[in-house]
Participant: 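Just dropping this structure here.
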Number of protein chains: 2
Amino acid sequence: MEDGIRQRTNGGGEIPVAGDERKETTADAISRGKPTRNATPTRARGLDRAVEIFQLLHVVRKPIPIGEIAKRLGAPRSTIYEIVNLFLAAGILEYSGKGAEVFFGRAIYLYANDYFATHAVVRLGEEEVRRLASLTDETCQLCMPVGNKYAVVSMQNSARLFRIGSDVGVLVPIPWTASGRFFVAHMTPAELEAFIPPEDFRLQDGRKIDPALFLAQAKSALADGICIIPGLVDEHATCVAAPITDHAGRCVACICFIVSAATSEQRMRELSAVLVESARKISASPG
Amino acid sequence: MEDGIRQRTNGGGEIPVAGDERKETTADAISRGKPTRNATPTRARGLDRAVEIFQLLHVVRKPIPIGEIAKRLGAPRSTIYEIVNLFLAAGILEYSGKGAEVFFGRAIYLYANDYFATHAVVRLGEEEVRRLASLTDETCQLCMPVGNKYAVVSMQNSARLFRIGSDVGVLVPIPWTASGRFFVAHMTPAELEAFIPPEDFRLQDGRKIDPALFLAQAKSALADGICIIPGLVDEHATCVAAPITDHAGRCVACICFIVSAATSEQRMRELSAVLVESARKISASPG
DNA sequence: CCCTGAGGTCCGGTATAGCAGACATGATGT
DNA sequence: ACATCATGTCTGCTATACCGGACCTCAGGG
């Protein structure tokens, strides 16, 4: 499934992935306003290619031929073969689908297991998502930031199902939902501008979000401990989110509901209370 | 492929991790009897370091400081910092635990989700493991090969719990269990010798397994469609496994019970029948 | 048949990524 | 106080990893 804003890559060197910033290497560099303007189309190194391959596989979400990877990345075939073969041997990628196609491998799966085991937030968060969804019969999600996007880590649809744009695991621009507000609430306007790719302020339906308004919403959401934003993912949907913080008080995840915009104020208050309670419970835990 | 004189770049310091063979790149190369001769301790490339980092994190199974990674890999600190920072920016690794420690990141988790979604075997296998464990009240596992080891992908302990040596995700030498038999049953003795590191034929209690006997057991297991081996993981445990095959008939996973060695023959037959049935059901599915 | 376009391998040259090691900093211990 | 150790950054030299491109095979399709 293509999600809207894809520009067909017409023989170019640009990766067709919706926003990514693999050029920035250190965490510090992200907040810096580094223009990333690199003049010469120069030789790339294997590690960068590797990351690009992972990101590409993630957005296509299905096995693709090795040659296709090279084509989409605008990279030399020989190089991609070399790298992919290395990862195949390590089990990080594996042949999948019809013969010549590759995808993520078992090793990745095991590594994710390790991640899961050490992260109480994810473990407990997924539990809470299931619990809240069955308790309230609303669509509930656990979201976490990934680079300059965020991802739905876990989702439970309500019985009276409501159309949801995003799938589990897909990277979504931060301005697109209420949850995103919490991930940037601590930033200055300059930091925000450096952090969010400009195109991410454009919603799926074409409307633009004003960065200043966005940041104001974020600050006020942080102060309130809850964020309610209507009409973002969908004209008829409202997003309610509460922040989950680590021991240092930084927002590391959000738990949220996607509800009908027609939901009564009374019920919104109830849902908010439930979210805040859940978020607090998870935040308290170590990890 | 007739010229054996190709000098595969075989450098790289030895990683102190129990067996790994990331140097062999193609599936074909695995069956070749390359002795992994290691020449000069030369400069390693970033991609190899990256794989080593992943494998190290996987075996320690908890966040560790970046400097510690360098030390354990015998790699220059500056290099490891560079690579780790790159992966931190991509969300593949992330700071975790106390400040300076790093571990697998959210991106890995999302990639694993993609893997899971495209692999019916894993999805259905995990279901079956839960079902069989509750049905029979025995410890049940789903196992898959990873490189020249195998991993427990999913495990459900029985109520009357029985001491199990391996944890989910840990890489285990193939000769150590009944399941392993199926992964190598198609090989010739020469292929087997090239594939399994010699030290893997030594069990935890020090006993050695004869490769010839091992292969004989494997062949007969394949013919029977079931494999019952007592006293491998533990003197008082017996391993029962059935193979799950892909559309081409190759064994891609095993589902197995770990039961007491005192289990009656009658019950072993019942358990075997259940396993075979489950394995057949999963094998039939596409993916 | 030949032509095209896949998948996959191999090779030599050169831009550059990795290495060694210095340096700054902040804990910790005695 | 000093000594020790760990984290993290930076720099210049040079071994080599990436690249371009040739090459082979196989599978259609006309």
Side-chain angles (χ1 to χ4, degrees), chain A residues 11 13 22-29 32 34 38-53 63-89 93 95-103, chain B residues 1-13 22-30 32 39-53 63-89 93 95-103:
Chain A
R22 64 206 169 284
K23 287 308 171 199
E24 295 288 15
T25 48
T26 67
D28 305 44
R32 288 285 316 127
K34 196 117 155 294
N38 217 337
T40 52
T42 179
R43 175 187 294 191
R45 80 171 159 182
L47 284 168
D48 289 325
R49 297 293 193 195
V51 172
E52 289 175 6
I53 291 171
I64 61 175
I66 302 179
E68 177 75 10
I69 295 175
K71 205 176 299 171
R72 294 241 213 162
L73 295 181
R77 270 180 347 116
S78 54
T79 302
I80 299 301
Y81 267 99
E82 164 96 23
I83 296 172
V84 168
N85 279 331
L86 182 76
F87 283 147
L88 286 172
L93 300 181
Y95 284 109
S96 185
K98 329 199 145 304
E101 304 182 328
V102 298
F103 201 53
Chain B
M1 56 178 74
E2 69 282 51
D3 60 348
I5 319 184
R6 184 102 321 104
Q7 193 65 319
R8 273 258 156 259
T9 68
N10 209 9
R22 67 211 166 281
K23 288 311 169 191
E24 294 290 14
T25 49
T26 66
D28 305 43
I30 283 181
R32 288 285 314 128
T40 51
T42 178
R43 176 185 294 190
R45 83 170 156 183
L47 283 167
D48 289 325
R49 296 295 192 195
V51 173
E52 288 174 7
I53 290 170
I64 61 175
I66 303 179
E68 177 76 11
I69 296 176
K71 204 177 300 172
R72 296 240 214 164
L73 295 180
R77 274 183 339 118
S78 54
T79 302
I80 299 301
Y81 266 97
E82 163 96 22
I83 296 171
V84 168
N85 279 330
L86 182 78
F87 282 147
L88 285 173
L93 301 181
Y95 283 110
S96 185
K98 329 199 147 301
E101 305 182 325
V102 298
F103 201 53

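All figures in this text were calculated on a predicted structure; none of them were measured in a lab. Sequence lines set the chain letters: A, B, ... in the order given, protein chains first and strands last, and positions in each chain run from 1. Only heavy atoms go into these numbers, but all of them, side chains included; no hydrogens, no water, no symmetry mates.
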Participant: Starting at the 5' end of DNA chain C and moving along, which residue's nearest nucleotide shows up first, B/Gly46 or B/Arg77?
Facilitator: B/Gly46
Participant: For a quick test of reading the model: is some side-chain N or O of B/Arg49 closer than 4.0 Å to OP1 or OP2 of C/dA17?
Facilitator: no
Participant: For the CG atom of B/Leu73 and the CD1 atom of B/Ile53, what is their distance to the nearest 0.5 Å?
Facilitator: 6.5 Å
Participant: Report the C-alpha distance between A/Asn85 and A/Leu88 in whole Å, list the side-chain angles of each, state the deciding distance to 0.1 Å, and finish with yes or no for side chain to side chain contact (heavy atoms under 4.5 Å, CB included).
Facilitator: CA-CA 5 Å; A/Asn85 279 331; A/Leu88 286 172; 3.7 Å; yes
Participant: Can you figure out which of C/dA20, D/dT7, C/dG7 approaches the side chain of B/Pro76 most closely?
Facilitator: C/dA20
Participant: Nearest whole Å is fine: how far is C/dG7 C1' from A/Ile64 CD1?
Facilitator: 14 Å
Participant: Figure out the CD1/P separation between B/Ile53 and C/dG18, and round it to whole Å.
Facilitator: 11 Å
Participant: D/dC18 C1' sits how many Å from A/Glu52 CD, rounded?
Facilitator: 13 Å
Participant: When the nearest nucleotide of DNA chain D is assigned to B/Glu68 and to A/Leu47 on a heavy-atom basis, which residue is associated with the more 5' position?
Facilitator: B/Glu68
Participant: Would you indicate, yes or no, if C/dC19 has its OP1 or OP2 atom less than 4.0 angstrom from a side-chain nitrogen or oxygen of B/Ser78?
Facilitator: no
Participant: I need the CG-C1' distance between B/Leu88 and D/dT7, as an integer number of Å.
Facilitator: 14 Å
Participant: Could you tell me whether the phosphate oxygens of C/dT9, OP1 or OP2, come under 4.0 Å of any side-chain nitrogen or oxygen in A/Asn85?
Facilitator: yes
Participant: For B/Gly67 and B/Tyr81, which heavy atoms make the closest approach, and how far apart are they?
Facilitator: N-OH, 4.4 Å
Participant: For the side chain of B/Lys71, starting at C-beta, report the closest nucleotide among D/dA22, D/dA6, D/dT7.
Facilitator: D/dA6
Participant: Measuring from atom CD1 of A/Ile69 to atom CD1 of A/Ile64, what distance do you get when rounded to the nearest 0.5 angstrom?
Facilitator: 4.5 Å
Participant: Rounded to the nearest 0.5 Å, how far does CD1 of B/Ile83 lie from CD of B/Glu52?
Facilitator: 9.0 Å
Participant: From D/dC18, C/dG18, C/dG8, pick the nucleotide closest to the side chain of A/Ile66?
Facilitator: C/dG8
Participant: Let me know the distance between OH of A/Tyr95 and P of C/dG8, rounded to the nearest Å.
Facilitator: 5 Å
Participant: For B/Ile83 and C/dA17, what is the distance between atoms CD1 and P respectively, to the nearest whole Å?
Facilitator: 12 Å
Participant: Distance check needed: C/dA17 C1' versus B/Ile80 CD1, whole Å only.
Facilitator: 13 Å
Participant: When you measure only distances, ignoring hydrogens and angles, does the side chain of B/Arg45 come within 3.5 Å of the base of C/dG18 through a donor and an acceptor?
Facilitator: no
Participant: Output the rounded distance in Å from CD1 (A/Ile69) to P (C/dA6).
Facilitator: 15 Å
Participant: What nucleotide, of C/dC19, D/dG8, D/dC18, holds the atom closest to the side chain of B/Ala44?
Facilitator: C/dC19
